[in-house]
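These notes concern the structure reproduced below.
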Amino acid sequence: MWPYLDKAICAQIRSATEPMFAEYVGKYQIEAIEFDNLSLGTIPPEIHGLKVCETNEKELVLEPAVRWAGNPNIVLTLKLLSFRITIQLVDLQIFMAPRITLKPLVPTFPCFATVAVSLLWKPDVDFGMSILGGDIMAIPGLYQFVQKTIKRQLASLYIWPQALEIPILDSATVAVKKPVGILHVKVVRAQKLLKKDILGTSDPYVKLNLSGERLPSKKTTIKKRNLNPEWNEKFKLIVKDPGSQVLQLQVFDWDKVGNHDRLGMQFVPLKFLTPYETKEFKLDLLKHTDSYDPQDKKQRGKIVVELMYAPFRADSGKLEGTQDGYSRKESGFDRTSDSEVFGGAGLL
């Protein structure tokens with residue numbers, strides 16, 4: 001690929017430097033600045049290691065360690081009045097750690113929509129410059145100044161999380177579901193849970209997550225030695241498809257050593273909810289999702305939850321009233337209205 005990458009990178013360099021050179025033309029008696037030669041040579045960069053990072057997103061993140069000691073042919077010419085100055089780049093070496101992200105992964109070839117390239121830290125760039133057969137970098141202080149300028153310029157453009165994004169697939173072919181609202185969950189209590197500990201009790205906590213979402217599960221606190229725990233803890237979950245997503249609730253018995261035993265589980269399809277209406281559910285805990293399992297006669301207790309789905313509003317940016325957009329005054333006191341908070345809800 002190197003001969004093609006060479007041409008592509010050189011084209012990028014030309015387009016990036018043309019406006020910079022144009023700023024100096026007409027000043028200091030400079031008539032023109034242009035490349036006589038611009039080629040990265042025949043020696044490709046070497047990849048000395050490759051790290052693959054796992055994330056919870058639909059993406060593939062690669063971090064190669066790249067070193068390049070090439071033989072580029074880069075010659076710049078300055079036309080000053082009646083004479084020309086030729087500057088040549090020599091002994092170029094670059095060491096850098098790029099982060100290459102293929103995202104989002106989609107079921108359409110080549111299976112990713114965008115390539116994003118960024119740098120994890122400032123690259124090490126080492127080079128020399130010769131002018132009229134002499135070494136221009138021998139001028140005291142110039143080498144450090146040029147190096148610092150190049151590093152700063154590269155860093156300002158591409159140091160992570162800033163990235164050079166290259167679209168691969170047309171956005172119309174990539175159906176990526178975006179968040180459409182927030183599910184407010186209040187885990188109220190559980191009743192008559194199974195006894196799992198030697199002392200005839202359990203240490204229960206609840207894990208909750210939405211189907212189709214790869215974010216880590218939310219967890220309540222652990223209630224030690226309690227078969228009828230009261231939590232009254234509130235959580236917010238990101239909703240992408242209220243018509244098909246399901247809230248999964250799992251009650252576990254916490255253990256200091258070994259795996260935590262699952263005491264029971266239940267599901268609530270979000271399609272049962274009316275937007276902005278809080279609804280209480282009192283659910284019988286099951287061993288697993290097949291509620292018609294004839295083998296499972298054991299009573300596992302109940303869990304009580306309150307759910308409210310708040311879809312994002314198209315006009316949630318147009319906040320009215322006071323400066324923070326939410327408060328309103330009643331009887332001389334500032335009070336925040338739940339409906340106004342939910343109505344103006346957004347996502348960072």
Side-chain angles (χ1 to χ4, degrees), residues 51-61 105 179 181-242 244-273 278-310 347-348:
K51 179 181 171 186
V52 179
C53 305
E54 288 188 22
T55 71
N56 286 322
E57 303 298 321
K58 290 184 178 178
E59 62 184 19
L60 178 63
V61 179
L105 300 179
I182 290 177
L183 179 67
H184 297 261
V185 181
K186 182 179 180 182
V187 180
V188 183
R189 70 181 75 86
Q191 298 165 336
K192 298 180 180 176
L193 295 175
L194 289 178
K195 300 170 184 177
K196 284 286 184 179
D197 293 348
I198 301 166
L199 301 172
T201 62
S202 288
D203 304 323
Y205 69 93
V206 182
K207 278 174 74 171
L208 48 154
N209 64 293
L210 283 173
S211 60
E213 187 58 79
R214 295 180 64 187
L215 292 169
S217 300
K218 308 273 188 184
K219 294 179 186 177
T220 65
T221 53
I222 299 158
K223 299 294 181 185
K224 294 289 184 73
R225 296 183 291 281
N226 197 334
L227 300 179
N228 297 285
E230 291 264 352
W231 283 288
N232 290 309
E233 293 176 22
K234 294 180 179 179
F235 302 90
K236 293 175 186 175
L237 299 163
I238 298 163
V239 178
K240 291 182 179 175
D241 187 356
S244 68
Q245 281 188 294
V246 172
L247 173 67
Q248 178 174 285
L249 300 155
Q250 300 181 82
V251 184
F252 284 88
D253 171 37
W254 178 83
D255 280 316
K256 188 176 281 189
V257 290
N259 292 330
H260 301 181
D261 296 318
R262 189 164 70 192
L263 303 175
M265 65 186 301
Q266 250 308 355
F267 288 91
V268 182
L270 301 194
K271 62 185 179 186
F272 291 164
L273 302 176
T278 302
K279 192 170 182 180
E280 184 179 274
F281 291 85
K282 194 172 186 178
L283 308 163
D284 291 317
L285 291 169
L286 309 171
K287 183 178 182 181
H288 45 65
T289 53
D290 184 3
S291 55
Y292 301 106
D293 182 1
Q295 303 295 316
D296 188 24
K297 303 287 185 188
K298 192 182 286 185
Q299 294 293 314
R300 295 177 173 271
K302 296 178 184 293
I303 186 167
V304 180
V305 291
E306 291 177 8
L307 307 181
M308 197 280 290
Y309 170 54
L347 186 67
L348 176 61

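These numbers come from the heavy atoms of this one structure, side chains and all, not from hydrogens, waters or symmetry mates.
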Taking [Y]'s backbone N and O only, do any of them form a donor-acceptor pair with [X]'s side chain (distance below 3.5 Å, no angle check)?
X: Gln245; Y: Lys240; result: yes
X: Gln266; Y: Asp284; result: yes
X: Glu233; Y: Thr221; result: yes
X: Asp253; Y: Asp203; result: yes
X: Ser202; Y: Leu194; result: yes

Atom of [X], atom of [Y] and distance for their closest heavy-atom approach:
X: Lys287; Y: Arg262; result: O-NH2, 3.5 Å
X: Leu208; Y: Leu237; result: CD1-CD1, 4.1 Å
X: Val187; Y: Trp231; result: O-CB, 3.4 Å
X: Asn226; Y: Leu193; result: O-CD1, 4.5 Å
X: Pro204; Y: Pro229; result: CG-CG, 3.6 Å
X: Leu183; Y: Leu307; result: CD1-CB, 4.4 Å

Please round to the nearest 0.5 Å and tell me the distance separating atom [atom1] of [X] and atom [atom2] of [Y].
X: Gln299; Y: Leu285; atom1: CD; atom2: CG; answer: 10.5 Å
X: Gln191; Y: Ile303; atom1: CD; atom2: CD1; answer: 10.0 Å
X: Glu54; Y: Glu59; atom1: CD; atom2: CD; answer: 11.5 Å
X: Asn232; Y: Arg189; atom1: CG; atom2: CZ; answer: 7.0 Å

Checklist entry - Is it true that atom CD of Glu280 has more than 12 heavy atoms of other residues, nucleotides or ligands lying nearer than 6.0 Å? => result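 Check passes, neighbour count above 12.
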Next on the checklist: For a side chain to side chain contact (heavy atoms under 4.5 Å, CB included) check, start with the C-alpha distance between Lys192 and Asn228, then their side-chain angles and the critical distance, and finish with the verdict.
Outcome noted: CA-CA 6 Å; Lys192 298 180 180 176; Asn228 297 285; 4.1 Å; yes
Next on the checklist: For Leu215 and Asn209: C-alpha separation, side-chain torsions, deciding distance, then whether side chain to side chain contact (heavy atoms under 4.5 Å, CB included) applies.
Outcome noted: CA-CA 8 Å; Leu215 292 169; Asn209 64 293; over 6 Å; no
Checklist entry - Should the ring pair Tyr205 and Phe252 be called parallel, tilted or perpendicular, given that the plane angle runs from 0 to 90° and is split at 30 and 60? => result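 Parallel: the ring planes of Tyr205 and Phe252 meet at under 30°.
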Next on the checklist: My understanding is that only one of Thr201, Leu227, Leu263 makes a side-chain contact (heavy atoms from CB on, under 4.5 Å) with Lys195; could you say which?
Outcome noted: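 The residue from Thr201, Leu227, Leu263 that satisfies side-chain contact (heavy atoms from CB on, under 4.5 Å) with Lys195 turns out to be Leu227.
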Checklist entry - Within a strict 4.5 Å, meaning less than it, do heavy atoms of the Lys282 and Val304 side chains meet? => result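 Yes; the side chains approach each other to less than 4.5 Å.
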Item to check | Verdict with supporting geometry, Met308 and Leu273, side chain to side chain contact (heavy atoms under 4.5 Å, CB included) | outcome: CA-CA 7 Å; Met308 197 280 290; Leu273 302 176; over 6 Å; no
Next on the checklist: Applying side chain to side chain contact (heavy atoms under 4.5 Å, CB included) to Lys234 and His184, what does each step give before you reach the verdict?
Outcome noted: CA-CA 7 Å; Lys234 294 180 179 179; His184 297 261; over 6 Å; no
